[in-house]
Amino acid sequence: MAWIDDIVKRIHNTDMQIINDAKSPSGQPHVGSLRGIIIHDAPFRYLKEKGVSTKFIYGSDDYDPLDELPKGYSKEYEKYLGMPLCNVPAPEGSIHSDLAMHFISDFFKIFDELGVQAEKYYMRDIYRNGVFNEAIDKLLSNVEKIREIYLRVSNSERANNWYPFQVVCEKCGKLGTTVVTNYDGKLVDYECNPNLVTWATGCGHKGKMSPFNGGGKLPYKVEWAAKWAYMNITIEGGGTDHNTKGGSRDVAEAIYREIFKKRPPLNIPYGFFMLEGKKMSSSKGIGATARDMTNFLPPEVLRYLMFGSHPKREVNFAPNENYITKLFNDFDRLHNKFHITKNANQAEKNIYNLAQVFSDNYYFTSDFSLIITLLQLPHKDIYEEAEKLKDAPLTEFETQNLNLRIRAAKYWLDNIAPDEDKLILQKDVPENAQNLTVTQKAFLENLAKSINNSKWTEKDLQTAMFSAARLTPILPKDSFEAFYTVLLDKKQGPKAGNLMYFLEKEYLLKMFTSVKFDRIKFWKHTSLTVNEFEFWLNKEKSNIVKSDVRIDFINREKNTTQTYSTGVIEFTFKMTDNKTYLKRIYLKEFFEGKTETQKELEKFKIYAKDYIEKTISQYNIDLN
């Protein structure tokens, strides 16, 4: 969070810091709009904590023209294109007076839910109440200077009769189609041009009117400078699109310096909030709305998402299970570093403090992936299971926090999760289990043995999972694939120990032992040659703490295609990492049916015993 410290170092010597942000209410605000709010709320909180007099104000740019139909609105609204948003009627059934209030009102409610204490203002009131009258006169009177700034800063040439103002046409009520061509100090000459823009059609009226008290508005770049001047704004950031060379910010700052003769506010440039790589838009309805995201993520997690990384970096949100689970896990990890292990660095402490909404104290948090799992296991009570994990009753606040996480999990399951990410517990072993490798199938048998001897806790069952993998042996990723395939008919799922804990042991044992496999084929796939085994011993013998050995033998079966008997020697080694590993040696096939089975077994035992004794002696191995 060095960027916040940098702001503190660079603030101007004024009695009051005023932080500003604004939004044009042209449609349902998308979640990207929340990033600006929370980015600006961060220095507001930080400066207040440092004892600096600070105010955060947030504006509804509701005097902007309607320049595009909001998503889902019929062509009946086309007649309002070009009118100020605050003059466009609200949709049928809305409790609000106009379209702007219809869209911005719920957005402002979200501020309270996210713990954002901003004073709201509406640009219709700023213009109509004459707050900008002096600024309008100053800017219109300096039109030649402003034309020169546009050309010099953004390489944008304005006509000799262009003025930085648009009036609300007295005849048709449109603003986005008007052109001001003269100002005499009191009135402006204007035309409502039918062909000025492609998204609205002017009525052709020409007239003369006052630009003051709501008669019209300044264009965005010029209006930005007027806001800074007449609202005494000292800090205001903007998205990447505004901060390009020669962009809106550069033009506004030049006007502010050269017309108003003031130093521009401190800038906080911030990257877009992307939804799987796509930029979002309110009017087009692209991406999740701010309301959707607020209904989904708990407030502290949403705030953490917005400034967990540097503001200049884009946030590329992906609503898949891996991304969402990692987001919650990262927040919980920071929560525990701050309160339990107390090893959070200063930047992490700042992030954590600024993410909090309702509590600065430690509270127990339930694993989000576990909640998703429990919601899909209706025989389990989530609150009871949470108290078991905490090993104490939940406080009132912890219950409220759990409720928010349950709401998030339900929202994800109902509105976002694809079918493949949903948990469907299998009653019987699915057909796909037959596609597992012979080693994966053998692992399941080992897992059954491992959990049958395990304590029934999430931690112990997770340990049993890894232990069974080492004693197969099999790579962890392959063992998890086998586990989820048999239980869920998919390749991934919730944490294995957690899932097993909430299922009946008898069910798990039945599922894991129902997958049959060819044991000789399994032995061949997982065994080392004598040379490979002895190479491993030479490398690892100094790390061996304890060891054991067993032999296994498969008789030649009569009346089958199996024409031989065979066996393995299995060494288990407990290592200095306190984990036990299995090394298997496959011995040669015996006699191919030429002798009695019992004699074959005796022959194998003699061979195995000789090898074991030789190995123990050569490598100085102590057996239990």
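Predicted, not measured: the structure shown is a model, and the values here were computed from it.
Taking the six-membered ring for Trp, W162 and Y150 have ring centres closer than 6.0 Å. Side-chain rings of Y363 and F397 approach one another, their centers coming within less than 6.0 Å. The aromatic ring centroids of Y121 and Y58 lie 6.0 Å or more from each other. Ring-centre distance between Y270 and H242: not below the 6.0 Å cut-off. Checked against the 6.0 Å centroid threshold, F103 and H96 do not count as a close aromatic pair.
Using a 4.5 Å heavy-atom cutoff, the side chains of L85 and L66 are in contact. The closest side-chain heavy-atom distance from M293 to L302 is below 4.5 Å. Side chains of T289 and F107 form no contact here, defined as non-hydrogen atoms less than 4.5 Å apart. M209 is listed as a side-chain neighbour of Y190, based on a closest heavy-atom distance under 4.5 Å.
A cation-pi contact, defined as under 6.0 Å to the ring centre and within 45° of the axis, links K120 to F108.
At least one donor-acceptor pair closer than 3.5 Å links the side chain of N142 to the backbone N or O of K138. Using a distance-only test at 3.5 Å, with no hydrogens or angles considered, a donor-acceptor pair links the side chain of T234 to the main chain of I18. Proximity of a side-chain donor or acceptor of T325 to a complementary backbone N or O of N322 within less than 3.5 Å is not detected. Using modelled atom types, one side-chain atom of Y77 and one backbone atom of P89 make a donor-acceptor pair closer than 3.5 Å. Judged by distance alone, with hydrogens and angles left aside, the side-chain atoms of H102 form no donor-acceptor pair with the main-chain N or O of D98 at under 3.5 Å. Put simply, the side chain of S94 never gets that close to the backbone of A90: no donor and acceptor are under 3.5 Å apart. Judged purely by atom type and a 3.5 angstrom limit, N129 has no side-chain atom pairing as donor or acceptor with the backbone of V131. Judged by distance alone, the side chain of N243 and the main-chain N or O of G238 form a donor-acceptor pair under 3.5 Å. At distances below 3.5 Å, at least one donor-acceptor pair connects side-chain atoms of T54 with backbone N or O atoms of V52. Without hydrogens or angle criteria, R407 side chain to F296 main chain gives no donor-acceptor distance under 3.5 Å.
Using a 4.0 Å cut-off between charged nitrogen and carboxylate oxygen, E157 and R147 do not count as a salt-bridge pair. For the pair R303 and D41, the salt-bridge criterion is met [side-chain N within less than 4.0 Å of a carboxylate O]. Between D106 and R291 there is a salt bridge, with a side-chain nitrogen of the basic residue lying less than 4.0 Å from a carboxylate oxygen of the acidic one. Note on E387 versus K390: no salt bridge recorded, every NZ/NE/NH1/NH2 to OD/OE distance being 4.0 Å or above. Looking at E49 and R45, no side-chain N of the basic residue comes within less than 4.0 Å of a carboxylate O on the acidic one, giving no salt bridge. Salt bridge R333/D330: present, at least one basic N to carboxylate O contact under 4.0 Å.
Screening L370, T365, I372 against R405 for a side chain to side chain contact (heavy atoms under 4.5 Å, CB included) leaves a single residue, T365.
Closest of all the heavy-atom pairs between P299 and V357 is CB-CG2, 3.7 Å. Annotation for N267 and R10: closest pair O-NH2, 3.8 Å, computed over non-hydrogen atoms. When every heavy atom of T177 is checked against every heavy atom of C192, the shortest pair comes out as OG1-SG, 3.2 Å.
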Inset, instruction - May I have the step-by-step check of salt bridge (Lys or Arg N to Asp or Glu O under 4.0 Å) for D64 and K217, ending in yes or no? - result: CA-CA 8 Å; D64 290 353; K217 77 178 292 290; 3.3 Å; yes
Please determine whether salt bridge (Lys or Arg N to Asp or Glu O under 4.0 Å) holds for the pair K109 and E113, giving the CA-CA distance in whole Å, both sets of side-chain angles, and the decisive distance to 0.1 Å. CA-CA 7 Å; K109 290 179 183 177; E113 296 171 34; over 6 Å; no
Next item on the list: Dump the intermediate steps for side-chain hydrogen bond (donor to acceptor under 3.5 Å, both in side chains) on N133 and N213, then the final yes or no.
Entry: CA-CA 7 Å; N133 283 355; N213 299 318; 2.9 Å; yes
Pair E236-K227, salt bridge (Lys or Arg N to Asp or Glu O under 4.0 Å): steps then yes or no:
CA-CA 11 Å; E236 181 170 3; K227 279 186 181 182; 5.8 Å; no
Can you list the steps and then say if E314 with R35 is a salt bridge (Lys or Arg N to Asp or Glu O under 4.0 Å)? CA-CA 10 Å; E314 292 178 348; R35 193 167 199 217; over 6 Å; no
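Note: Y127 and Y63 have parallel aromatic rings, judged against thresholds of 30 and 60 degrees for the angle between ring planes. Ring planes of F331 and Y352: parallel class, angle under 30° (limits at 30 and 60°). The aromatic rings of H339 and Y362 sit perpendicular, their planes meeting at an angle over 60°, well past the 30° parallel limit.
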